[in-house]
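First up is the structure itself, then whatever we jot down about it.
Both ligands and their constituent atoms are indexed starting at 1 by order of listing. Just so you know, these numbers come straight off a predicted model, no measurement behind them.
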Amino acid sequence: MNIRSAFQTGQPIGTQDTFAADVIGGLTAQPKTLPPKYFYDLAGSALFERITELPEYYPTRCEIGILRDQAPAMAAMFPPGCALIEFGSGSSRKARILLGAGATVAAYIAVDISGDFLQQDLAQLERDLPHLKVHPLVADFTKPFAIPQKLATLPRVGFFPGSTIGNFEPAEAAAFLRHAGQVLGRGALFLVGVDLVKDQTVLHRAYNDCAGVTAQFNLNLLARINRELGADFDLAAFEHRAFFDAEQSRIEMHLVSTKPQQVHVNGATIAFRRDETIHTENSYKYTVDSFQTLACSAGWSPVEVFSDGLFAVHALRR
Ligand code: AVJ
């Protein structure tokens, strides 16, 4: 099938207007915040790729290791001829590991807000696995979406890797799991990658790497606002800060204003005190039990956990 035409059937989402409104809304709130989903422009996605290769940033390496080791056991749970539906598939790298593990997957549906990265990757996947129906779907996967009609009768397996679920507040994560359950339907299997609570030094280092790539990734959000909204953030006057809050079981990322200053964004003037921060991301960490409890509260039953002690891939059944 034609990848390009499949994209055009999706809903256009994430306009420049909503970006501006979200930025102004966040910067005029008290305390100031910016949504982490805006990290991933072209530059931000490239920086995130570099993060995944850092010695300190273990989650991606761990998850890929777990998938490589356990893919046959995971694939054994797939119903024959199923559709694998990936939520927020930036690249199909992890899905490929599952697709190569011997299960008879009839279709791979890659759901993403942005089609830019997906397109190239999926064209290659179609060439590599000619019997697989590859269907990109441009949609906001945090909201309900419809499975394409011609694939709607296939049994469904959901896949949400990367601990992206950690970006949500626990109540939002539960709401996401519940609506994913509605999309996937009764009896569906759901594989969810979730970062584990662990030694605080290990957590701290993962978000405070020596090479400063995470700092660049965080600051790129301001660079993006400058580029796309004509703002005048002085990147030299903001610093990266990341720390683990054990009480809330989350890494918080902030950008700290190193002096009193004013910034102009889309006609608005935003004042910063010295040491005032913009809260840019939460990355929640769960124990196996705390995640299973959350999943149960959202209508899922835990069936298996694949873990290396640092990261967990949960298998859930609806
Ligand atoms: C892509 C949300 C899983 O929380 O670890 C990496 C993003 N932020 N370094 C994470 C991120 C800083 C990442 N997630």
Could you list the donor-acceptor pairs under 3.5 angstrom formed by side chains in residues 153-160, with sequence neighbours left out?
{"residue": "Arg156", "atom": "NH1", "partner": "Val183", "partner atom": "O", "Å": "2.7"}
{"residue": "Arg156", "atom": "NH2", "partner": "Ala152", "partner atom": "O", "Å": "2.9"}

For ligand 1, find each of its N or O atoms that sits under 3.5 Å from a protein N or O atom, and tabulate the pairs with distances to one decimal place.
{"residue": "ligand 1", "atom": "4 (O)", "partner": "Ser283", "partner atom": "OG", "Å": "2.7"}
{"residue": "ligand 1", "atom": "5 (O)", "partner": "Tyr57", "partner atom": "OH", "Å": "2.5"}
{"residue": "ligand 1", "atom": "5 (O)", "partner": "Tyr207", "partner atom": "OH", "Å": "2.5"}
{"residue": "ligand 1", "atom": "8 (N)", "partner": "Glu281", "partner atom": "OE1", "Å": "2.6"}

Give the minimum heavy-atom separation between Leu132 and Tyr108, together with the two atoms involved. CD2-CB, 3.8 Å

Could you check Asn218, Leu222, Leu219 and say which one makes a side-chain contact (heavy atoms from CB on, under 4.5 Å) with Thr280? Asn218

Compile the donor-acceptor pairs under 3.5 Å between side chains in residues 62-78 and protein atoms, sequence neighbours left out, one pair per line.
{"residue": "Glu63", "atom": "OE1", "partner": "Lys94", "partner atom": "NZ", "Å": "2.8"}
{"residue": "Glu63", "atom": "OE1", "partner": "Gly162", "partner atom": "N", "Å": "2.9"}
{"residue": "Glu63", "atom": "OE2", "partner": "Gly162", "partner atom": "N", "Å": "2.9"}

Backbone N or O of Phe141 within a donor-acceptor pair of the His179 side chain at under 3.5 Å? yes

Listed pairs under 3.5 Å, donor-acceptor, residues 19-35 side chains, sequence neighbours left out:
{"residue": "Asp22", "atom": "OD2", "partner": "Tyr38", "partner atom": "OH", "Å": "2.5"}
{"residue": "Thr28", "atom": "OG1", "partner": "Ile24", "partner atom": "O", "Å": "2.7"}
{"residue": "Thr28", "atom": "OG1", "partner": "Gly25", "partner atom": "O", "Å": "3.3"}
{"residue": "Lys32", "atom": "NZ", "partner": "Ala271", "partner atom": "O", "Å": "3.0"}
{"residue": "Lys32", "atom": "NZ", "partner": "Glu276", "partner atom": "OE2", "Å": "2.6"}

